[in-house]
Amino acid sequence: MKLPIISVDTKKKELIGHFRNARTSWRRTPDLVNDHDFRSLADGVAVPYGIYDLQANTGAFYVGRSHDTPEFAVDCTATWWRDFGQYLYPESKELLILADSGGSNGYRPRAWKYFLQHHLVNPFNLTVTVAHYPSGASKWNPIEHRLFSEVSKQWAGIPLTSLEIILNGMNATTTTTGLTVTAESVEREYERGIKIGENEMSQLNLTHNETLPQWNYIIKPSTEDQLSVQS
């Protein structure tokens with residue numbers, strides 16, 4: 001039985017509108033773009049949260065329109081497990097997550113661990129091991145060079161003037177080594193600044209590893225709020 005291993009991270013936020021996108025693409029007529037990428041000129045901001053499955057060589061993007069928060073990161077991961085992971089690995093009760101040390105899925109935010117317990121681990125009765133890359137080593141994260149770079153190539157020279165163009169570009173991303181990608185939008189608005197107190201943290205079924213405990217830990221199901229949402 002294969003242990004499912006996923007690499008997660010938020011790709012660079014993208015302004016939606018007529019803005020220059022690096023590199024070039026061939027077309028009959030040029031797309032005119034703004035000479036500055038002012039946020040005030042944008043029709044919105046896309047927040048693409050990516051999940052790369054190392055075993056299946058597949059990528060999934062969940063593109064939000066609000067804030068890149070720990071709850072958003074966990075909800076995207078839980079959606080991937082619900083829609084893909086549990087069917088690709090039906091016998092597995094464990095999941096290994098590779099993540100950077102900072103950002104919404106960093107090792108510092110309490111909310112990341114809290115929502116992992118309550119939105120992923122408990123509902124799916126899943127033991128989750130999280131391994132964070134140390135500061136300055138994020139480029140070792142497989143999602144960077146196996147998924148994000150390929151999407152950037154797909155977008156090369158194309159102004160991202162709508163959410164549809166962003167999603168279509170992601171869905172069209174493939175490689176000669178078999179990478180396939182799916183993408184969908186996330187309509188929910190996420191609130192920033194959610195505080196998780198000491199009492200809530202003490203109730204998590206979380207164990208730090210002996211090796212680099214600040215970056216490596218295991219979260220196991222707890223008896224509270226276990227729900228059967230696998231179907």
Side-chain angles (χ1 to χ4, degrees), residues 6-19 21 37-53 56 58-88 95 97 99-100 102-106 109-124 126 128 143 147-148 150-152 154-155 158-174 179-196 225 227-231:
I6 59 173
S7 174
V8 302
D9 198 9
T10 305
K11 196 179 186 302
K12 182 176 73 72
K13 297 176 183 177
E14 301 288 350
L15 293 179
I16 300 175
H18 293 274
F19 301 102
N21 206 350
D37 54 353
F38 294 133
R39 173 74 178 269
S40 59
L41 299 176
D43 296 325
V45 178
V47 185
Y49 193 80
I51 297 170
Y52 175 69
D53 182 343
T58 57
F61 279 99
Y62 301 91
V63 184
R65 297 289 298 275
S66 59
H67 304 294
D68 181 21
T69 69
E71 186 178 13
F72 168 68
V74 172
D75 282 354
C76 293
T77 307
T79 300
W80 175 85
W81 181 261
R82 184 196 68 197
D83 294 345
F84 300 102
Q86 66 175 343
Y87 301 110
L88 291 169
L95 174 66
I97 298 177
D100 290 350
S104 59
N105 49 220
R110 292 179 173 184
W112 162 253
K113 301 179 181 71
Y114 177 83
F115 287 116
L116 277 177
Q117 179 82 70
H118 295 289
H119 290 192
L120 176 62
V121 173
N122 286 358
F124 294 99
L126 193 65
V128 172
I143 198 171
L147 179 60
F148 288 175
E150 300 301 332
V151 171
S152 296
Q154 183 69 28
W155 283 345
I158 301 174
L160 304 178
T161 56
S162 69
L163 181 61
E164 182 181 12
I165 288 177
I166 291 174
L167 295 175
N168 288 344
M170 290 173 168
N171 280 309
T173 301
T174 59
L179 173 71
T180 58
V181 180
T182 61
E184 63 181 78
S185 62
V186 177
E187 301 302 324
R188 177 181 168 184
E189 296 281 333
Y190 283 89
E191 178 185 351
R192 292 186 293 185
I194 294 178
K195 302 296 184 183
I196 306 298
D225 79 13
L227 303 172
S228 177
V229 296
Q230 301 183 32
S231 59

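Treat the numbers as computed from the prediction; the structure is a model and nothing was measured.
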(request) Check whether any side-chain heavy atom of L15 lies under 4.5 Å from a side-chain heavy atom of V45, and answer yes or no. (result) yes

(message) To the closest 0.5 Å, what do you measure between CD1 (I143) and CZ (F148)?
(response) 3.5 Å

(message) Using modelled atom types and a 3.5 Å cut-off, is there a donor and acceptor pairing between side-chain atoms of S7 and backbone atoms of Y52?
(response) no

(request) Determine whether F72 and R188 make a side-chain contact, defined as any pair of heavy atoms from C-beta on separated by less than 4.5 Å. (result) no

(request) Kindly write out the residues that satisfy side chain to side chain donor-acceptor pair (under 3.5 Å) with W112, not counting sequence neighbours, or none if the list is empty. (result) Y217

(request) Mind checking the CZ-OG1 spacing from F84 to T58? Nearest 0.5 Å is all I need. (result) 7.5 Å

(message) To the closest 0.5 Å, what do you measure between CG (L147) and CG (D9)?
(response) 10.0 Å

(request) Starting from the C-alpha separation in whole Å, work towards a yes-or-no answer on side-chain contact (heavy atoms from CB on, under 4.5 Å) for H119 and D75. (result) CA-CA 7 Å; H119 290 192; D75 282 354; 2.7 Å; yes

(request) Name all residues meeting the side chain to side chain donor-acceptor pair (under 3.5 Å) criterion together with S185; count only those two or more places apart in sequence or in a different chain, and write none if there are none. (result) E187

(request) Might you point out which heavy atoms bring L120 and T77 nearest each other, and give the distance in Å? (result) CD2-CG2, 4.1 Å

(request) Answer whether the closest heavy-atom distance between the side chains of C76 and W80 falls below 4.5 Å. (result) no

(message) Is there a side chain to side chain donor-acceptor pair (under 3.5 Å) between K11 and S152? Walk through the geometry before answering.
(response) CA-CA 10 Å; K11 196 179 186 302; S152 296; 3.2 Å; yes

(request) Rounded to the nearest 0.5 Å, what's the gap from NE2 on H67 to NZ on K13? Could you check? (result) 8.5 Å

(message) Any non-hydrogen side-chain atom of M170 less than 4.5 Å from a side-chain atom of V63?
(response) yes

(request) Taking the side chain as every heavy atom from C-beta outward, state whether Y49 and S104 have any pair of such atoms under 4.5 Å apart. (result) yes

(request) State, with a plain yes or no, whether a side-chain heavy atom of E184 is found less than 4.5 Å away from one of L167. (result) no

(message) Do I194 and T69 make a side-chain contact, defined as non-hydrogen atoms from C-beta onward lying under 4.5 Å apart?
(response) no

(message) For a 4.5 angstrom cut-off between non-hydrogen side-chain atoms, does R65 reach I16?
(response) yes

(request) Can you measure from CH2 (W81) to CG (L95) and round to the nearest 0.5 angstrom? (result) 5.5 Å

(request) Evaluate the criterion side-chain contact (heavy atoms from CB on, under 4.5 Å) for residue pair V74 and Y114; output intermediate values, then yes/no. (result) CA-CA 9 Å; V74 172; Y114 177 83; over 6 Å; no

(message) Please report the interatomic distance CG(N171) to CD(E164), rounded to the nearest 0.5 Å.
(response) 10.5 Å

(request) Show your working on side-chain contact (heavy atoms from CB on, under 4.5 Å) between F61 and V151 and close with a plain yes or no. (result) CA-CA 10 Å; F61 279 99; V151 171; 3.6 Å; yes

